Number of protein chains: 2
Amino acid sequence: MTATPSPARTIRVDLGERAYDILIGPGLIASAAGEIAARLKGRRMAVVTDEHVAPLYLEPFMAGLAAAGIEAVSTILPAGEKTKSFEHLIPVCEAIIRARIERNDAVIALGGGVIGDLTGFAAGIVRRGSRFIQVPTSLLAQVDSSVGGKTGINSPQGKNLIGVFHQPDLVLADTDVLDTLSPREFRAGYAEVAKYGLIDRPDFFAWLEDNWQAVFAGGEARIEAIAVSCQAKADVVAADERENGRRALLNLGHTFGHALEAATAYESARLVHGEGVSIGMVLAHQFSARMNLASPDVAALVESHLRTVGLPTRLGDIPGGLPPAEVLMDAIAQDKKVKGGKLTFILTRGLGQSFVADDVPASAVLGFLEEKLSA
Amino acid sequence: MTATPSPARTIRVDLGERAYDILIGPGLIASAAGEIAARLKGRRMAVVTDEHVAPLYLEPFMAGLAAAGIEAVSTILPAGEKTKSFEHLIPVCEAIIRARIERNDAVIALGGGVIGDLTGFAAGIVRRGSRFIQVPTSLLAQVDSSVGGKTGINSPQGKNLIGVFHQPDLVLADTDVLDTLSPREFRAGYAEVAKYGLIDRPDFFAWLEDNWQAVFAGGEARIEAIAVSCQAKADVVAADERENGRRALLNLGHTFGHALEAATAYESARLVHGEGVSIGMVLAHQFSARMNLASPDVAALVESHLRTVGLPTRLGDIPGGLPPAEVLMDAIAQDKKVKGGKLTFILTRGLGQSFVADDVPASAVLGFLEEKLSA
């Protein structure tokens with residue numbers, strides 16, 4: 001563990017005063033302390049992680065910080081989506097306050113999307129905003145949740161309904177750590193990688209169709225896929241930080257996906273976020289075809305690729321059954337992408353031609369869901 | 001209750017995209033619904049108030065909203081500083097979510113500083129930021145906490161350690177409601193009015209020395225004092241929204257004051273915020289004299305005026321005794337105006353010549369407090 005920076009690709013998220021770098025490459029956990037010490041003046045840090053990640057990385061990570069002259073404390077939370085709650089947010093806030101994190105110090109999230117979202121929210125509200133570093137350890141967190149500044153927790157009414165925009169000061173995406181993910185977890189993150197192709201990069205989607213096995217295997221193709229994904233997200237976030245327009249495209253597949261996560265009570269044994277997004281993206285393409293916006297062939301192509309990599313693509317793929325369409329509609333209406341009672345969906349006009357449709361009739365969605373549930 | 005706007009003074013807080021108006025005048029509670037309906041497109045509102053304010057104003061306020069075509073729900077919280085906690089924040093967030101407040105709708109704080117701070121924080125984090133209207137019902141809230149976008153709750157370690165910057169969309173300061181305040185509560189708010197004179201408006205302080213009885217009595221002098229105070233705060237906030245520099249001047253008297261509030265366990269029977277600020281401002285002036293920055297005559301002048309209006313000005317004025325100086329120092333060090341371990345205080349070079357001193361030796365403060373405690 002030295003302070004020598006690893007060779008890594010750097011992607012800049014161009015947000016003026018709040019601009020920051022995403023470093024992507026192998027061995028970044030080992031060189032994290034050096035990267036942090038080289039960029040931040042503060043010498044106190046509060047690290048938040050979970051009980052799955054801690055045994056793998058916490059001890060060397062803390063030792064690296066100590067060797068770099070950084071005084072750090074750590075908090076270990078339970079793993080899983082249910083951790084994104086006030087119940088766990090409160091002790092994290094208290095731990096950050098007790099650590100006396102000041103303006104040049106930082107809060108560090110070492111973990112997947114749940115840890116990143118909750119820790120970023122805590123960093124965003126302690127002293128009305130503390131510096132924040134993301135060290136994402138899942139593919140999902142590396143390509144999606146660690147970039148862009150959305151933080152938050154869930155409420156009983158739905159996911160991410162409580163939170164703030166709080167940009168990190170640095171993101172360190174160590175591509176080696178993904179080797180320890182289960183195949184299911186890697187696939188779930190891959191759904192978000194494919195999403196960037198489906199939003200507006202059809203060439204990237206085609207590249208993934210050809211190279212997905214290499215991405216799963218690791219090495220340069222994996223780094224390339226993560227870098228393209230982060231660049232795609234950085235572009236959208238730089239253009240529309242607070243989601244007044246274009247940023248909503250990142251929600252492709254998420255309105256259906258969130259409803260399915262709610263319907264399965266966020267039980268990861270049944271459905272994890274990326275799986276909900278996979279099914280949601282297929283539903284969004286099928287619904288676009290139903291609305292005569294795109295050819296059904298596009299939906300078939302999308303489903304085919306996602307099934308090939310092993311992702312669920314149909315409501316029937318979710319074990320344990322689903323509630324009636326009306327209940328799913330209720331979850332959709334409570335989702336945050338609702339304006340003036342009308343439904344906002346990300347739909348598509350073709351492969352990689354997604355757009356924000358903010359006037360979708362609820363009755364059409366209900367009928368579509370009823371049919372899919374009975375299929 | 002009609003939709004006709006009252007004649008009121010309007011002060012603009014110039015924050016670009018987040019600019020908003022403060023309306024100050026009599027009868028604004030009665031015309032609030034009209035002012036709101038004229039400015040916001042949304043027709044759903046969530047009102048938060050407390051058990052002291054609710055019996056006085058909630059029913060007519062809700063009736064006014066209904067008459068203006070606004071569908072509103074209300075939440076009534078216990079009164080008092082201890083309400084500024086996660087315990088009460090959580091149900092307020094849930095109530096806002098259940099009310100399905102969307103992007104053009106708003107959350108309304110009807111109450112004093114506690115209700116405004118907590119409700120603003122909830123509005124700032126539900127769906128990562130909802131529209132927010134302040135209807136401040138105490139003098140303190142009208143001249144200070146409702147303006148400027150600081151929101152938050154307390155933690156066991158100190159006041160306002162958890163929160164966000166979230167600017168209101170509108171502030172409606174009804175000067176009539178101040179007639180129902182107890183003299184003690186009005187005086188506590190007056191400490192913040194005097195503060196604006198002591199920061200950088202010596203002429204306003206001199207005007208207050210001559211006109212304070214008219215301000216307490218009501219009418220035009222009161223409106224003038226509130227308008228000058230709001231303008232003073234608006235100027236500082238527009239120049240430095242996020243407190244990177246000049247905004248810290250608003251903390252004159254607050255570092256000592258917050259420590260005294262913590263030392264009295266936020267028990268309002270012993271000390272309320274404005275009383276802590278009053279004592280804190282006198283201490284800041286006395287400490288400035290001790291550091292040879294200003295003449296002791298200035299501190300004497302400040303103390304004389306605050307005592308004349310009936311405010312406490314000395315540690316010995318706080319009933320029930322105080323902890324040793326070391327304990328007060330601990331609270332000061334945990335206060336959020338700390339950088340790199342050094343103490344930041346607002347000190348003064350003369351009447352209305354306050355400045356940010358960010359290199360104050362802790363030992364000098366400790367010695368000063370020990371002496372004041374034994375006086």
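Just so it is clear, the model here is predicted, and its values are computed rather than measured. All chains are named by letter (A, B, ...) in the order of the sequence lines, taking the proteins before the strands, and each is independently numbered beginning at 1. Reckoned from all heavy atoms, side chains included, excluding hydrogens, waters and symmetry mates.
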Look up atom CD1 in Ile125(B) and atom CD1 in Ile162(A), then write down how far apart they are to the nearest 0.5 Å. 6.0 Å
What part of Leu89(B) gets closer than 4.5 Å to chain A, counting heavy atoms only: side chain, backbone, both or neither? side chain
Distance (rounded to the nearest 0.5 Å) between Leu161(B) CG and Cys93(A) SG: 10.5 Å
Quick check: closest heavy atoms across Gln157(A) and Glu94(B), and the distance to 0.1 Å? OE1-OE1, 2.6 Å
Tell me whether Arg128(A) contacts the main-chain N or O of Thr151(B) through its side chain, where contact means a donor paired with an acceptor under 3.5 Å. yes
Quick one: which of Ala122(A), Gly152(A), Ser155(A), Gly163(A) has the most heavy-atom pairs under 4.5 Å with chain B, could you say? Gly163(A)
Nearest 0.5 Å please: distance from the CZ atom of Arg242(A) over to the CD atom of Glu17(B). 10.0 Å
Does Asn244(A) reach the side chain of Arg103(B), with side-chain heavy atoms less than 4.5 Å apart? yes
Residues that His273(B) engages under ring pair (Phe, Tyr, Trp, His ring centres under 6.0 Å), provided they are two or more places apart: His254(B), His258(B)
Identify which part of Ile96(A) has an atom lying under 4.5 Å from any heavy atom of chain B, answering side chain, backbone, both or neither. neither
